[in-house]
Amino acid sequence: GDLVLVGGDLNAVEGSWAHRELLASGLIDAQGHTGLHGATWPSESTDFVQFPIFRIDHVLHHPDLDVSVQQIRIPHSDHQGLLLTVQSSQ
């Protein structure tokens, strides 16, 4: 099949219906091992807490892709950024 990579602000936490459906399709959660340390939202909030407590930004990929994810701070954004390194094992 196609070497699919899905990434972005899904507005869905790990374990939500949308997240489970993507995993059920055979995609792998590149951040699945991160737990709370993988939280991406909110960041630099003036209305809420000052550190991320939810992971609503996700990277999921085909099993034949090797994907590493690094969180980065983006000035003036309410989300942490995700910097990807992607390699194909094919």
Side-chain angles (χ1 to χ4, degrees):
D2 294 332
L3 298 179
V4 175
L5 176 70
V6 176
D9 176 3
L10 303 182
N11 280 329
V13 296
E14 185 176 6
S16 66
W17 177 86
H19 188 259
R20 289 191 320 269
E21 288 292 306
L22 288 166
L23 293 176
S25 76
L27 296 176
I28 296 172
D29 186 344
Q31 304 153 272
H33 65 281
T34 58
L36 183 60
H37 298 290
T40 58
W41 182 88
S43 179
E44 292 193 17
S45 172
T46 57
D47 301 322
F48 203 55
V49 295
Q50 294 298 311
F51 58 92
I53 57 173
F54 297 106
R55 181 165 70 100
I56 60 173
D57 303 282
H58 299 274
V59 176
L60 300 107
H61 61 89
H62 187 280
D64 288 339
L65 292 176
D66 181 25
V67 178
S68 64
V69 181
Q70 177 185 359
Q71 283 185 232
I72 58 173
R73 202 151 185 82
I74 300 175
H76 313 294
S77 175
D78 64 336
H79 292 255
Q80 293 281 313
L82 300 174
L83 179 64
L84 309 179
T85 302
V86 181
Q87 294 182 331
S88 172
S89 62
Q90 289 187 347

Donor-acceptor contact present, side-chain Thr40 to main-chain Asp57, <3.5 Å: yes
With a 4.0 Å cut-off, would you call Arg55 and Asp29 a salt bridge? yes
Show the nearest heavy-atom pair for residues Ala30 and Val69, with the distance to one decimal. CB-CG2, 3.7 Å
Rounded distance [0.5 Å steps], CD1 in Ile74 versus OG in Ser43: 8.5 Å
Side chains of Leu82 and Ile72 in contact at under 4.5 Å (non-hydrogen atoms): no
Let me confirm one number: the CD1-NE2 distance from Ile56 to His19, rounded to the nearest 0.5 Å. 12.5 Å
Any donor-acceptor N/O pair, Gln71 side chain to Ala39 backbone, under 3.5 Å: yes
Does Ile28 share a hydrophobic cluster with Leu23, counting links as ILVMFWY side-chain heavy atoms below 4.5 Å and allowing steps through other members? no
Sidechain-backbone polar pair: Ser16 side chain, Val13 backbone, donor-acceptor under 3.5 Å: yes
Which residues share a side chain to side chain contact (heavy atoms under 4.5 Å, CB included) with Leu10, sequence neighbours left out: Ala12, Leu22, His58, Leu60
Report yes or no: do Leu65 and Leu84 belong to one cluster of Ile/Leu/Val/Met/Phe/Trp/Tyr joined by side chain heavy-atom distances under 4.5 Å? yes
If you define the side chain from C-beta out and look only at heavy atoms, does anything of Ser25 sit under 4.5 Å from Val4? no
Any idea which heavy atoms bring Gln31 and Gly38 closest together, and the distance? NE2-O, 4.5 Å
Do any N or O atoms from the side chain of Gln80 and from the backbone of Pro52 form a donor-acceptor pair under 3.5 angstrom? no
Give the cluster check for Leu3 versus Val67: same hydrophobic cluster or not, with ILVMFWY residues linked at side-chain heavy-atom distances below 4.5 Å. yes
Got a sec, which residues hit side chain to side chain contact (heavy atoms under 4.5 Å, CB included) with Asp66, two or more places apart in sequence or on another chain? Gln87
Mind checking side-chain hydrogen bond (donor to acceptor under 3.5 Å, both in side chains) for His61 and listing every partner two or more places apart, or none if nothing turns up? none
Do side-chain atoms of Ser89 reach the backbone of Asp64 as a donor and acceptor pair under 3.5 angstrom? yes
